[in-house]
Amino acid sequence: MFEWKRASAVIQRAAATSDVTWMIASNGIKYRYKRSVLGPFWITISQAIYILALAVVFGGLFKMRDVDFIPFLTIGILLWAAATACMQESSTTILHRGGELKDGANNCVSLVLEVVFRNLIVFLHHIVVFVCVAIYYKVHPNVLGLLMLIPASAIFIINVFWISGILSLLIPRFRDLEPLVFSLIQIGFFVTPIMWHPSLLKEKEYLIHYNPCFHLLAIIRDPLLGEAYPFVSFGIVSIMAILGMAAYYFVLSRTVTRLPYWV
Amino acid sequence: MAEIRLDNVGVRIPVFGANSKMLKSVLVGFFRSREQRESTSTVVVDALTDVNLTFSDGDRVGLIGANGAGKSTFLRVLADVYYPTSGIFEKVGDTRCLFGLNSGLEMEGSGWDNIKYQARRIGVPKSRLDEVAEEVADFSELGKALDLPVRTYSQGMQVRLSFGVMTSIPADILLIDEVIGVGDASFMEKARQRMLKFTDQAKILVLASHSPDIIASFCNRQIGFEHGRVVSDVRTADTPSEL
């Protein structure tokens, strides 16, 4: 029932060819925007407009000062968009590209890695929006926070990777999971402090600590906004990364031999 | 040394109906009687049944049989893509496979890009990448077309590229499905020479084809499939005849 050896072999292959996966992901973006001047920055512009619209409406609704709200909103939206794009694309990547699995030309872990890499590269383009906002509103990130950004980003990516990975393996078998995941992502967007500041919850602020998405955002967002480093959140998401990767390995070992029959 | 051994290998492929693909139906299934559950259960196809074969160094095997006889399924078992649902399958040796024409090709990427992607995937070290790419480019005779996106290639051009990469560095076991047949006559002769050189350095070739010419010129052993069973296993001339 559990094909640990096979699962390990697939992981090894994916790791050994991760440089090709990176090349394919980055060239894929180049091919897609070959005929446009701005390239992926087109999407960056649309993200900026989206953020501006939300800033005007929700900043007004919640009566937040722009300087407190807009940088907070910007980085939150960008991180959330990148993470959920990975999950949504991974949900269907194996269904769409199952032929490559059946032909032994690719493996199910590399396919997810490609999605994550591609979205990471796109995110690095979008980050320009935050840089502009941060300069305009004179945001001062703290130095410790900037140093912690390296491990924090790694842990953020690992968490996105295992969630995407598990989805990519389960959805070929249970097709009705896909709309379910999409609605969960929708709900997640509203219950996670992205468009609203945690302080707005007042005495119920403790509730957000039960939301893993909050901690995941906090480890990158807080230090960038110059707030104290959220070590508790960092600890929680680190544990989440380890348990999640173990869960991914577990699901992979259950599905790896059956996946070619499902697609 | 390369060796493949199959003992009573069977592959049963579940074909899920629209309903059983749903998590909902699995959850609802817990609350249903056995009869109700069985009426909605999945169809299972016996793609391969009781396959007993042994291949060793120097075997150049041609698989023959009608469409749906099990040739491709068999190749996929050898490639570790399909996992046998019964029997014992043992394999020693690195495996290289060429199954789909455009599988693994990035359609928007140029020929050069694709040679590099595929070469890296089969384990060509970075330091030798340029040298291998040159050699494959030379073999494929695609010339300037290598600068164009692969989506503009004909099937014959795609197979020149993929076959060239797959045989660029030695492997113990080479598995090829029908695809090779789309090449033109001059390519077939080049491919045959290259394959002989490739299989000289050892090892095992397994090739599925509907073309008796291809089988006769590439192979020294013919295995016939019918309805997922092996129906014939014939050794032919050891030195393949000229095309």
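Any value given below was found using the heavy atoms of this structure, including those in side chains, with hydrogens, waters and symmetry copies removed. Just so we're on the same page: letters track the sequence lines, and every chain starts at 1.
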Handout entry: Max heavy-atom pair count under 4.5 Å with chain B, selected residue of Glu100(A), Arg175(A), Arg258(A)
Key = Arg175(A)
Handout entry: Contact winner vs chain B - Pro172(A), Pro260(A), Gly28(A), Ser110(A), heavy-atom pairs under 4.5 Å
Key = Pro260(A)
Problem - Contacting region of Ser72(B) [heavy-atom separation from chain A under 4.5 Å] - result: neither
Completion exercise
The interface call for Arg120(B) against chain A, heavy-atom contacts under 4.5 Å, is both
Problem - Thr85(B) (side chain) donor-acceptor with Arg12(B) (main chain) under 3.5 angstrom - result: yes
Problem - Arg96(B) side chain vs Met166(B) backbone, donor-acceptor pair below 3.5 Å - result: yes
Practice task
Pick one of side chain, backbone, both or neither for Ala16(A), based on which atoms fall under 4.5 Å of a heavy atom in chain B.
Solution key: backbone
Practice task
May I ask you to name which of Ile13(B), Asp113(B), Val81(B), Leu75(B) has the most heavy-atom pairs under 4.5 Å with chain A?
Solution key: Val81(B)
Practice task
With a 4.5 angstrom heavy-atom cut-off, could you sort out which part of Asn107(A) is near chain B: side chain, backbone, both or neither?
Solution key: neither
Problem - Residue pair Phe74(B) / Val51(B): nearest heavy atoms and the distance that separates them - result: CE1-CG1, 3.9 Å
Fill in the blank from the handout: Looking only at Gly100(B), Gly123(B), Ser110(B), most heavy-atom pairs under 4.5 Å shared with chain A are made by Gly100(B)
Practice task
Report the distance from atom CG of Asp94(B) to atom CG of Asp172(B), rounding to the nearest 0.5 Å.
Solution key: 4.5 Å
Problem - chain A contacts, top residue of Pro149(B), Gly109(B), Ala79(B), Pro14(B) (heavy-atom pairs, under 4.5 Å) - result: Gly109(B)
Completion exercise
Looking only at Thr21(A), Asn106(A), Leu259(A), most heavy-atom pairs under 4.5 Å shared with chain B are made by Asn106(A)
Practice task
For atom CH2 of Trp4(A), decide whether the heavy atoms of other residues, nucleotides or ligands shown that lie under 6.0 angstrom number more than 12.
Solution key: yes
Handout entry: Donor-acceptor under 3.5 Å (Arg160(B) side chain, Ser140(B) main chain)
Key = yes
Exercise for the section: Please flag which part of Leu177(A) lies under 4.5 Å from any non-hydrogen atom of chain B: side chain, backbone, both or neither. Expected result: side chain
Handout entry: Interchain contact, Leu101(A) with chain B, by part (heavy-atom threshold 4.5 Å)
Key = backbone
Handout entry: Under 3.5 Å: donor-acceptor pair, side chain of Thr152(B), backbone of Leu148(B)
Key = no
Handout entry: Distance flag, aromatic centroids of Tyr261(A) and Tyr83(B), threshold under 6.0 Å
Key = no
